[in-house]
Amino acid sequence: MRIAFVGKGGSGKTTMSALFSRHLAAAGAPVLAIDGDINQHLAEALAPAGDTPVAPPPLGPRLHDIKAYLRGTNPRITSTESMIKTTPPGRGSRLLSLLGDDELHTRHVSRAGGVPLMATGEFDDNDLGVACYHSKLGAVELYLGHLIDGPGEYAVVDMTAGADAFASGLFTRFDLTFLVAEPTRKGVSVYRQYRDHAREFGIRIAVVGNKVTCEEDLLFLKEQVGDDLLTHLVHSDWVRAAEQGRAAPAGPNTSDPLGTLEPHNRHALTVMREAVDAHPRDWDRLHRHAVEFHLRNARSWADARTGEDLAAQVDPEYVPGPATLLL
Ligand SMILES: Nc1ncnc2c1ncn2[C@@H]1O[C@H](COP(=O)(O)OP(=O)(O)O)[C@@H](O)[C@H]1O
Ligand SMILES: [Mg+2]
């Protein structure tokens, strides 16, 4: 299952991506956290106080090699250069299983706070004027496009703030998108933007309130968001302590790193996992969206850029899924 965290800057996307990933990992589930934000802070958020996280070698600068790898022997993709972020897999493409024993995972996954982590990489000065952050996110889009993940396995992506993700097909690659919203007018305005896009494309979103401090906060969210409000986290001293580099107090069960997180916030994480698990993957729909966005990109810029008709990259009878992994 793939889960995205989106929302306004500062709303708590990185904090929640980290908490949710650690929550899943503590329950023994296979989980890969992916930092897809321009400002890369997920490694720090995952690592408990006193731990120096190791940033993984970023995906962004190796986009070309990643394309070459995923392209495999797919005859419909005439060259690595003609492979774009939306190019869907077809016969001959290399498919990935979550945290599989392949070149991509071996090179790009490190661990932070016991959670496997991948990252797009910072947007640096060299990128100014020549590339946009979308090209780095393209690596995540291609990764998810070639990932055959099963139920009970999780890829958790901490996304850029705002509606950037809509510039590509990335936002259609998820089973559930959590919109993190503080109980403020700005917080819910980002929600409205997402809701409208999500409706248009049949994407599942759920709002998770954050930094809720009182009954009025909760009422405000309920009023503004209605049934899309799944659950909420309250202001957390545990999170604040971690942010200040103080170790969280040890709980009775030392094998559970979130053992001393506030019970309300622990419960919210459980509700979030249940919401993810409640809707099994529909591979046909996922692939249909992938093809749709690929054709849009082809028409709007990529055919002209590559000098090819990229619609020809679509393998008509092919739908990736658990069965194709075995071919
Ligand atoms: N529930 C919470 N309780 C206390 N502090 C929080 C909570 N959620 C987020 N924060 C703090 O708010 C700030 C912004 O959170 P962050 O996750 O970095 O936001 P984003 O990734 O959306 O920009 C951080 O200092 C973080 O520690
Ligand atoms: Mg962040």
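We count ligands from 1, going down the list as the structure has it; atoms in each ligand are counted the same way. Please read all numbers here as calculations on a predicted model, not as lab measurements.
Side chains of Q224 and R192: a donor-acceptor N/O pair is present below 3.5 angstrom, by distance only. Judged purely by distance below 3.5 Å, without hydrogens or angles, the side chains of D158 and T14 pair a donor atom with an acceptor atom. A side-chain N or O of E81 and one of H64 form a donor-acceptor pair less than 3.5 Å apart. For the residue pair R2 / Y154, no side-chain donor-acceptor distance below 3.5 Å is found, with atom types taken as modelled. Looking only at atom types and distance, the side chain of H105 has a donor-acceptor partner in the side chain of Y143 under 3.5 Å away. Neither side chain, T78 nor Q313, offers a donor N or O lying under 3.5 Å from an acceptor on the other. Between the side chains of H294 and T86, at least one donor N or O lies within less than 3.5 Å of an accepting N or O.
With hydrogens left out, the protein atom closest to atom 19 (O) of ligand 1 is G12 N, 3.1 Å, a heavy atom. Counting protein heavy atoms only, atom 24 (C) of ligand 1 is closest to E243 OE2, 3.4 Å. Scanning the protein heavy atoms around atom 26 (C) of ligand 1, the nearest turns out to be T15 OG1, 3.6 Å. Shortest contact from atom 21 (O) of ligand 1 to any protein heavy atom: T14 OG1, 2.8 Å. Here the protein heavy atom with the shortest distance to atom 23 (O) of ligand 1 is G10 N, 2.7 Å.
Residue contacts with ligand 1, taken as heavy atom pairs separated by less than 4.0 Å, involve K8 solely via the backbone atoms N, CA, C and O. Counting heavy atoms closer than 4.0 Å to ligand 1, residue N210 contributes side-chain atoms (C-beta onward) but none from N, CA, C or O. Looking at H235 against ligand 1, both its backbone and its side chain come within 4.0 Å, counting heavy atoms.
For ligand 1, the polar-atom distance check against V239 finds no nitrogen or oxygen pair separated by under 3.5 Å. Among the atoms of S236, some N or O lies under 3.5 angstrom from an N or O of ligand 1. For ligand 1, the polar-atom distance check against L233 finds no nitrogen or oxygen pair separated by under 3.5 Å.
Although no hydrogens or angles enter the test, the distance criterion places no donor-acceptor pair under 3.5 Å between the side chain of D51 and the main chain of A47.
The closest approach between K211 and ligand 1 falls below 4.0 Å for a heavy atom of the residue.
Residue G9 has at least one heavy-atom neighbour below 4.0 Å for each of these atoms of ligand 1: 23 (O). Each of the atoms 17 (O), 19 (O), 20 (P), 21 (O), 22 (O), 23 (O) of ligand 1 lies under 4.0 Å from some heavy atom of K13. The distance from ligand 1 to the heavy atoms of V234 drops below 4.0 Å at these ligand atoms: 1 (N).
The CZ atom of R288 lies 14.5 Å from the CH2 atom of W283; values are rounded to the nearest 0.5 Å.
Among the atoms of T15, no N, O or S atom falls under 2.8 Å of the Mg ion (ligand 2).
Below 30°, between 30° and 60°, or above 60°: for F293 and F201 the angle between ring planes is between 30° and 60°, a tilted geometry.
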